[in-house]
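The chain is numbered in sequence order, starting from 1. Reckoned from all heavy atoms, side chains included, excluding hydrogens, waters and symmetry mates.
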Amino acid sequence: MILPREERFPGAHAVGWVMMALALAMMGGAFVLGGADGVKNGFTFWEFFFRFLTMLLLLKAYDILFFDLYLLCHSGFFPYFYPETKDHVGPHQFGFNWKSHLIQIALCPVVSAVSAGICLFF
């Protein structure tokens, strides 16, 4: 629904890619630091598992509550920058990607178990 257009300012796409790379690096760094702290403190598999599971589920909750519920549905952020989306975003849009969220939530224990197993080797 967003029409293709020129960059809002020179380098806008590059700024977006850099911001995405920094966000992914910080999330990965938090995972690495959580694992390193657990190795240092002699965590068991279950302690690692629950640490990683908590981190992933809190990240997912933030995604759903902030990005989907607030930013997409209630803030008017997207219609401000993309007026063509005005009739398409709002509270009726909440939950449009529920299948994706459920798949990601279902994968959290798997990713946590694999990460916990990897940490036990160090």
Side-chain angles (χ1 to χ4, degrees):
M1 86 183 77
I2 296 176
L3 305 172
R5 62 167 74 167
E6 295 293 318
E7 292 183 320
R8 293 192 175 275
F9 57 89
H13 291 132
V15 169
W17 282 103
V18 168
M19 288 172 55
M20 184 180 69
L22 286 172
L24 290 173
M26 286 190 288
M27 286 185 270
F31 233 67
V32 169
L33 287 174
D37 178 65
V39 169
K40 180 179 144 188
N41 291 312
F43 276 21
T44 65
F45 174 84
W46 291 109
E47 289 171 318
F48 277 120
F49 176 80
F50 288 119
R51 173 176 279 189
F52 292 134
L53 185 62
T54 301
M55 291 171 72
L56 290 172
L57 290 177
L58 287 174
L59 179 63
K60 190 81 226 130
Y62 178 77
D63 174 33
I64 293 169
L65 294 175
F66 179 72
F67 288 112
D68 290 352
L69 183 62
Y70 175 71
L71 200 60
L72 180 64
C73 296
H74 295 292
S75 72
F77 176 81
F78 289 106
Y80 179 79
F81 290 104
Y82 302 99
E84 61 269 23
T85 65
K86 185 176 184 184
D87 297 331
H88 301 283
V89 298
H92 66 280
Q93 219 25 39
F94 184 68
F96 76 97
N97 56 348
W98 64 271
K99 288 180 187 176
S100 171
H101 285 308
L102 287 178
I103 290 168
Q104 292 169 6
I105 290 168
L107 287 175
C108 284
V110 175
V111 172
S112 298
V114 169
S115 300
I118 291 170
C119 287
L120 288 178
F121 289 111
F122 291 103

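Hydrophobic clustering (ILVMFWY, side-chain heavy atoms < 4.5 Å, transitive): Leu107 and Leu53 are in distinct clusters. In terms of hydrophobic clustering, with Ile, Leu, Val, Met, Phe, Trp and Tyr side chains grouped at heavy-atom distances under 4.5 Å, Phe45 and Phe122 are assigned to a common cluster. Linking ILVMFWY residues whenever their side-chain heavy atoms come closer than 4.5 Å, directly or via other members, places Phe50 and Val111 in the same cluster. Cluster membership check: Leu59 does not share its hydrophobic cluster with Ile64, using side-chain heavy-atom separations under 4.5 Å among Ile, Leu, Val, Met, Phe, Trp and Tyr. One hydrophobic cluster holds both Met55 and Ile105 under the rule that ILVMFWY side chains link at heavy-atom gaps under 4.5 Å.
Distance check: Leu58 CG to Asp63 CG gives 12.5 Å after rounding to the nearest 0.5 Å.
Residues Gly35 and Cys119 come closest through the heavy atom pair CA-SG, 3.8 Å. Considering every non-hydrogen atom in both Phe49 and Ala113, the closest pair reads CD1-N, 3.5 Å. Leu120 approaches Thr44 most closely through the heavy-atom pair CD2-C, 4.2 Å. Cys108 and Leu57 get closest at one heavy-atom pair: SG-CD2, 3.9 Å.
Relative orientation of the Tyr62 and Phe66 rings is parallel, given thresholds of 30° and 60° on the angle between their planes. Between Phe31 and Phe52, the ring-plane angle classifies as parallel under the 30° and 60° cut-offs.
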Step-by-step salt bridge (Lys or Arg N to Asp or Glu O under 4.0 Å) determination, Asp37 to Lys40:
CA-CA 5 Å; Asp37 178 65; Lys40 180 179 144 188; 5.0 Å; no
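In this structure, the side chains of Leu24 and Met20 come closer than 4.5 Å at one or more pairs of heavy atoms.
Using modelled atom types, no side-chain atom of Gln104 and backbone atom of His101 make a donor-acceptor pair closer than 3.5 Å.
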